[in-house]
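Report on the following structure.
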Amino acid sequence: MGLLAYFNGQFVPLAEVKIGIQTHALHYGTACFEGIRGYWNPDAEQMYIFRLREHYERLANSARTIRMKLPASVDELCDITVELIARQGLKEDVYIRPLLYKSNEIIGVRLHGLDDAFVVYALPFGKYLDSEQGVRCRVSSWRRVEDGAIPARCKITGSYINSALAKSEAVEDGYDEAILLNDDGHVAEGSGENIFLVAGGELVTPALSENILPGITRNALIRIALEEMGMRTVERKVDRTELYSADEVFLCGTAAEVTPVLEIDRRPIGNGQIGQTTRKLQKLFFEVVKGVNPKYAAWCRAVYPVTQRATP
Ligand code: PMP
């Protein structure tokens, strides 16, 4: 069976979802979206969707900012997403992509008075960056979008040209990922990830006011580090050269999960190996997302009915 999508209020084959060439969002970047992971846990025979509600809440915020309306409540969209996966019986790790876009086929750049269309689908998905071996980064020559120009805290399709410019520059220069500074020269984030430093026994990450996307993984790691490792995270401005002197650096995001950074601008980070704090946090993170740590059960939405296992 081919993959399904939920489109225009119905479950339909993904391959049949087509949009017209004149679609507003295609020309003007007038859409917002999310990236969500579902983790298949073979021991529990269960699929857990990580922080599904928080992703739809962020989508609602993006939508509000660019004058759009979600087709249903956050809770209903969560249920639709669960049903989308359950109907397909998917039993492997997936990436879920909801997209809300301006669907009119007209010329004229604006936000108001247009129609919104919504689609969500899920694809089998593996690693995005090499979180096992770690990655090499460069500081991009492109600056992160300023919130006063394009709302930086929203996940708006048009703003991803900023990420794409930085990512291609980095990869074509032989690196794995880009790190963008914001317009005042402080560290913002990766092309599709937030960034953390380990320095002096503390975790440090750019504050939400640094034109970063308020990452849901970032937020999860702040709590996991505090509660499971007793490490607090300082959210503040981060200078570029702090990256070079950090003991450890890692990127995090739905796609990137927890990815160690071994080198930035040809300078090894710490001893150039994956650091202990990063490894520990990565391990804890994977336990949480796979639904293994009951303390974080509220972050893991089960897709399939929970079967009572026979107790001996
Ligand atoms: N920054 C950017 C630019 C991103 O695209 C993403 C991925 N959504 C992130 C950070 C990480 O956010 P999250 O942890 O919510 O996936």
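In listed order, ligands and their atoms are each counted from 1. Keep in mind that this is a model prediction, so the values were computed, not measured.
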**Gly215: numbered ligand 1 atoms lying under 4.0 Å from its heavy atoms** = 12 (O), 13 (P), 14 (O), 15 (O)
**Message:** Using heavy atoms and a 4.0 Å limit, tell me yes or no: is Arg58 in contact with ligand 1?
**Reply:** yes
**Prompt:** Applying a strict 4.0 Å limit to heavy atoms, is Lys155 in contact with ligand 1?
**Reply:** yes
**Prompt:** What about the rings of Tyr160 and Phe33, do their centers lie closer together than 6.0 Å?
**Reply:** yes
**Asked** Are Tyr121 and Leu99 joined in one hydrophobic group, where the rule is that I, L, V, M, F, W and Y side chains link up if heavy atoms are under 4.5 Å apart?
**Response** yes
**Request:** For atom 2 (C) of ligand 1, state which one of Gly192, Gly35, Ala255 supplies the nearest heavy atom.
**Result:** Gly192
**Asked** Counting heavy atoms only, which part of Glu193 comes closer than 4.0 Å to ligand 1: side chain, backbone, both or neither?
**Response** backbone
**Request:** Please identify which atoms of ligand 1 are closer than 4.0 Å to at least one heavy atom of Ile216.
**Result:** 13 (P), 14 (O), 15 (O)
**Asked** Among protein heavy atoms, which lies nearest atom 14 (O) of ligand 1, and at what distance?
**Response** Thr217 OG1, 2.6 Å
**Fill in**
For Ser191, the ligand 1 atoms with a heavy-atom partner under 4.0 Å come out as 3 (C)
**Message:** Between Tyr39 and Tyr48 (judged by ring centroids, cut-off 6.0 Å), do the two rings come close enough to count as a pair?
**Reply:** no
**Message:** If hydrophobic clusters are built from ILVMFWY residues whose side chains come within less than 4.5 Å, do Phe50 and Leu90 share one?
**Reply:** no
**Prompt:** Where is the tightest heavy-atom contact between Leu208 and Arg153, given as atom of each residue plus distance?
**Reply:** O-NH2, 3.7 Å
**Message:** Out of all atoms in ligand 1, which are within 4.0 Å of some heavy atom of Glu189? Include the element for each.
**Reply:** 1 (N), 2 (C), 3 (C), 10 (C)
**Message:** List ligand 1 atoms under 4.0 Å from Tyr160, heavy atoms only on the residue side.
**Reply:** 2 (C), 3 (C), 4 (C), 5 (O)
**Complete:** shortest atom 16 (O) of ligand 1-to-protein heavy-atom contact is with Thr254 OG1, 2.6 Å
**Message:** Please verify the inter-ring angle class for Phe125 with Tyr128; under 30° counts as parallel, over 60° as perpendicular, anything in between as tilted.
**Reply:** parallel
**Asked** Any chance the side chains of Gln276 and Arg279 put a donor and an acceptor closer than 3.5 Å?
**Response** no
**Request:** Would you kindly confirm whether Tyr175 and Leu262 end up in one hydrophobic cluster when ILVMFWY residues are joined by side chain heavy atoms under 4.5 Å apart?
**Result:** no
